[in-house]
Amino acid sequence: MKQKYRTPQPNRDNDFDEPQNLVLEGRKAVLEALNHEKPIDRILLRRDGDKPIEGTLRLIAAKARELKIVVQEVERIKLDNTSETGHHQGVIALCPAVPYFSVDEILQIAKDRNEPPFIIVLDGVTDPHNLGAVLRSAEAGGVHGVIIPKRRAVGLTGTVAKTSAGAINHMAVCRVSNIPRTLDALKKQGLWIACAEMGGKTLYETDLSGPVAIVLGAEGEGISRLVSEKSDFSVSIPMLGQIGSLNVSVAAGVLVYEVVRTRLSQKA
């Protein structure tokens, strides 16, 4: 049987309703979601001083870590402030504002459009405003999908949805456990891996017309060493002023539209 792939919904900005995070509260609700492997960004557990968590909360933590879901132990006030019902029972699960896609689904989107795959990979972006802005530029520039890591990075939150100005509804976002392994998988599918970092050829000297995944690093820290080693080449943005770097969302916009320019010029 031919596998069916989802595609983002058509862009109908006039009908757009801003998605928000789904907040699951209470031990039974969270455990039920874990047992059915519902998508969860992270779980907040009540911390009681230096005492270890026990009972159902311990079971929830173990199940979540088994599923590679981030678990954070926080003070009760954090749970109280996050709670919408006031009855969290010491645990809250934060779920994505919209569903995630798989790498295969992103590649299928490119195939359906009869275009060489064009993917953005974010290596640890933590600011939801930056992720939202990247999604907006990516959607406008015809990117087929954005890949983000599960740990130490922001997921598809309500703030991301709002900052993206609706793009979150139309852009396929994939969340993976291991960025380096994902880059290896993309290479096997014929994509070139371009790391955006200082020291490489400028984007105006680089051929970005073929199947490509552009990797951008985290705010402040940039691209990790292992991810950089997995790249095929580096690409840089010329910096002609006194500032040494651009915000990651601005850099993404510049690189996305250089790929757009290159591809359009080849069709002319």
Side-chain angles (χ1 to χ4, degrees), residues 6 8-9 15-101 122 124-136 146-177 218-220 249:
R6 296 169 295 148
Q9 293 300 307
D15 301 327
F16 175 66
D17 291 323
E18 199 72 70
Q20 298 296 322
N21 288 78
L22 174 62
V23 178
L24 295 178
E25 304 182 39
R27 303 181 185 194
K28 183 177 181 179
V30 173
L31 191 56
E32 186 77 6
L34 288 171
N35 286 335
H36 288 84
E37 297 189 14
K38 300 294 185 182
I40 295 175
D41 274 338
R42 68 185 60 234
I43 290 178
L44 307 180
L45 288 179
R46 184 183 64 220
R47 179 168 53 217
D48 188 10
D50 295 328
K51 296 179 182 179
I53 57 174
E54 297 179 346
T56 308
L57 293 183
R58 184 176 180 180
L59 177 62
I60 287 172
K63 181 67 175 177
R65 290 180 175 126
E66 179 186 325
L67 295 172
K68 301 187 184 305
I69 296 169
V70 176
V71 177
Q72 287 183 289
E73 294 184 35
V74 300
E75 301 295 337
R76 184 185 182 95
I77 189 171
K78 171 69 173 177
L79 291 169
D80 290 344
N81 291 338
T82 305
S83 175
E84 296 176 348
T85 67
H87 303 287
H88 52 71
Q89 299 178 310
V91 59
I92 291 177
L94 303 177
C95 303
V98 296
Y100 290 105
F101 286 69
L122 301 177
V125 170
T126 59
D127 187 327
H129 297 91
N130 280 337
L131 177 56
V134 170
L135 294 181
R136 186 174 184 175
V146 174
I147 296 175
I148 60 176
K150 286 185 177 180
R151 300 186 67 86
R152 293 183 290 277
V154 67
L156 296 180
T157 68
T159 301
V160 172
K162 185 173 184 179
T163 308
S164 77
I168 194 172
N169 272 356
H170 320 303
M171 175 54 53
V173 179
C174 174
R175 208 167 184 225
V176 299
S177 300
E219 304 93 340
S249 62

Any residue meeting side chain to side chain donor-acceptor pair (under 3.5 Å) with [X], in chain and number order, not counting sequence neighbours:
X: Arg76; answer: none
X: Thr82; answer: none
X: Thr56; answer: none

In Å and rounded to the nearest 0.5 Å, what is the [atom1] to [atom2] distance from [X] to [Y]?
X: Arg47; Y: Leu79; atom1: CZ; atom2: CG; value: 10.0 Å
X: Leu31; Y: His36; atom1: CG; atom2: NE2; value: 10.5 Å
X: Ile147; Y: Cys174; atom1: CD1; atom2: SG; value: 5.0 Å

Spell out, as yes or no, whether a donor-acceptor pair under 3.5 Å connects the side chain of Ser164 to the backbone of Ala161.
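Pair found, side chain donor or acceptor close to backbone of Ala161.
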Which residues pass the salt bridge (charged side-chain N to carboxylate O under 4.0 Å, His left out) test with Arg46, not counting sequence neighbours?
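For Arg46, no residue satisfies salt bridge (charged side-chain N to carboxylate O under 4.0 Å, His left out) once neighbours in sequence are set aside.
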Sequence neighbours left out, cut at 3.5 Å: what donor-acceptor pairs do the side chains of residues 58-73 make with other protein atoms?
residue : atom : partner : partner atom : Å
Gln72   : OE1  : Arg42   : NH1          : 3.2

Taking side chain as C-beta onward, heavy atoms only, is Thr159 less than 4.5 Å from His129?
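Heavy-atom side-chain distance check passes, below 4.5 Å.
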With the side chain counted from C-beta on, respond yes when Val176 and Tyr100 share a heavy-atom pair under 4.5 Å apart, and no when they do not.
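In short, these two side chains do not touch, never coming nearer than 4.5 Å.
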May I have the list of side-chain donor-acceptor pairs in residues 87-98 shorter than 3.5 Å, sequence neighbours left out?
residue : atom : partner : partner atom : Å
His88   : ND1  : Gly90   : N            : 2.9
His88   : NE2  : Asp80   : OD1          : 2.7
Gln89   : OE1  : Arg27   : N            : 3.0

Can you check side chain to side chain contact (heavy atoms under 4.5 Å, CB included) on Ile148 and Leu131, steps first, answer last?
CA-CA 9 Å; Ile148 60 176; Leu131 177 56; 4.2 Å; yes
Please step through side chain to side chain contact (heavy atoms under 4.5 Å, CB included) for the pair Glu32 and Leu24, ending with a clear verdict.
CA-CA 10 Å; Glu32 186 77 6; Leu24 295 178; over 6 Å; no
Counting only heavy atoms not in Lys78, do more than 12 sit closer than 6.0 Å to its NZ atom?
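Count not over threshold, so no.
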